[in-house]
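One structure is given below, encoded as structure tokens.
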Amino acid sequence: CLNIYEELDVEIARLEAIKENEAAIKLYKKMGYQTFEELIFLQHEGVMSNVIETSKDITVNEVSMRDIQNLSFYEPVTAWQTQFPSLKEFTCLIAMDKNTPLGYAVYKRGYKETGELAAIVLYQCVIGAHHSREEEAVSSLIERAFTSEDTAVRKITMNIPKKDNALNRLLTEKGFTTFVEQ
């Protein structure tokens with residue numbers, strides 16, 4: 001692969017590895033790769049501990065992928081499984097304060113063959129940089145994405161950046177636990 005990258009003048013190549021796969025990580029580092037971000041998968045099974053409080057003046061609406069891509073704070077470079085070309089049958093949400101976009105979320109509802117809701121997967125949740133209403137915007141987006149008639153349905157996040165931010169704090173407070181790290 002490195003030879004092909006060189007032939008094609010590829011400047012950046014990214015890999016993902018499960019944190020426990022130390023042999024692979026060691027090999028990748030030997031080949032010149034560097035760790036630049038840690039990602040986590042969070043999960044919640046059963047009824048969430050309590051309802052997420054949301055701000056009444058923040059509205060959350062379904063929008064198109066293009067609407068998300070046109071935001072000044074859209075992050076196109078995410079883990080490959082969470083990028084739009086890799087997703088199928090997903091929903092985009094945008095949190096707004098009047099006419100100002102605060103953030104967005106991308107998620108999917110997965111169904112069993114019977115049509116019963118099986119899981120809700122959150123792929124992206126991004127708030128505009130340095131926004132003073134980060135916590136409120138995240139709360140509003142998460143409430144909308146993870147709300148279902150079946151409150152006991154499995155809820156998952158996929159490849160969310162592992163950092164101290166409103167998203168990870170809120171989900172941890174609601175009982176989400178880490179089940180995979182990359």
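Rounding to the nearest 0.5 angstrom, the gap separating the CD1 atom in Ile142 from the CZ atom in Phe176 is 7.0 Å. To the nearest 0.5 Å, atoms CG (Leu122) and CG (Leu141) are separated by 9.0 Å. We find the CZ-CD1 distance between Phe41 and Ile160 to be 9.5 Å, quoted to the nearest 0.5 Å. Rounding to the nearest 0.5 Å places NE2 of His44 at 6.5 Å from NZ of Lys155. Summarising the geometry, atom CG belonging to Leu39 is positioned 11.5 Å from atom NZ belonging to Lys19; distances are rounded to the nearest 0.5 Å. With values rounded to the nearest 0.5 angstrom, Ile58 atom CD1 is found 12.0 Å from Ile94 atom CD1.
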Which donor-acceptor pairs under 3.5 Å do the side chains of residues 79-86 make with protein atoms, sequence neighbours left out?
unit_1 : atom_1 : unit_2 : atom_2 : d
Gln81  : OE1    : Asn159 : ND2    : 2.9
Gln81  : NE2    : Glu16  : OE1    : 3.3
Thr82  : OG1    : Thr78  : OG1    : 2.8
Thr82  : OG1    : Ala79  : O      : 2.8
Gln83  : NE2    : Thr78  : O      : 2.6
Ser86  : OG     : Trp80  : O      : 2.7

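Among residues two or more places apart in sequence or in another chain, the side chain to side chain contact (heavy atoms under 4.5 Å, CB included) test is passed with Glu62 by Thr91, Leu93, Arg144. Every residue two or more places apart in sequence or in another chain that forms a side chain to side chain contact (heavy atoms under 4.5 Å, CB included) with Thr178 is listed here: Ile40, Leu42, Glu181. When the side chain to side chain contact (heavy atoms under 4.5 Å, CB included) test is applied to Ile4, the partners found at least two apart in sequence or on another chain are Leu8. Qualifying salt bridge (Lys or Arg N to Asp or Glu O under 4.0 Å) partners for Lys112, counting only residues two or more places apart in sequence or in other chains: Glu116. With sequence neighbours left out, the salt bridge (Lys or Arg N to Asp or Glu O under 4.0 Å) criterion links Glu135 to Arg169. Among residues two or more places apart in sequence or in another chain, the side-chain hydrogen bond (donor to acceptor under 3.5 Å, both in side chains) test is passed with Lys108 by none. Under the side chain to side chain contact (heavy atoms under 4.5 Å, CB included) criterion, Thr172 pairs with no residue at all, not counting sequence neighbours.
Inter-residue side-chain proximity for Leu102 and Glu136 is flagged as unmet; no heavy-atom pair is nearer than 4.5 Å. Phe146 places a side-chain heavy atom less than 4.5 Å from the side chain of Leu171.
The salt bridge (charged side-chain N to carboxylate O under 4.0 Å, His left out) pairs that include a residue from residues 25-35 number zero, where partners must be two or more places apart or lie in different chains. Sorted by first and then second residue, the ring pair (Phe, Tyr, Trp, His ring centres under 6.0 Å) pairs with a member in residues 92-113 form an empty list; sequence neighbours excluded. Applying the salt bridge (charged side-chain N to carboxylate O under 4.0 Å, His left out) test to residues at least two apart or on different chains, the pairs with a partner in residues 78-106 are Asp97-Arg133. Each side-chain hydrogen bond (donor to acceptor under 3.5 Å, both in side chains) pair with one or both residues in residues 67-76, not counting sequence neighbours, appears once here: Ser64-Asp67, Arg66-Gln69.
Cluster annotation: Leu2 and Leu27 are assigned to the same hydrophobic cluster (Ile/Leu/Val/Met/Phe/Trp/Tyr, side-chain heavy-atom contacts under 4.5 Å, transitive). Note: the hydrophobic cluster containing Leu170 does not contain Met158 (ILVMFWY, side chain heavy atoms under 4.5 Å, direct or indirect links). Cluster membership check: Val126 shares its hydrophobic cluster with Leu87, using side-chain heavy-atom separations under 4.5 Å among Ile, Leu, Val, Met, Phe, Trp and Tyr.
The environment of CE in Met31 is sparse: at most 12 heavy-atom neighbours from other residues, nucleotides or ligands sit within 6.0 Å.
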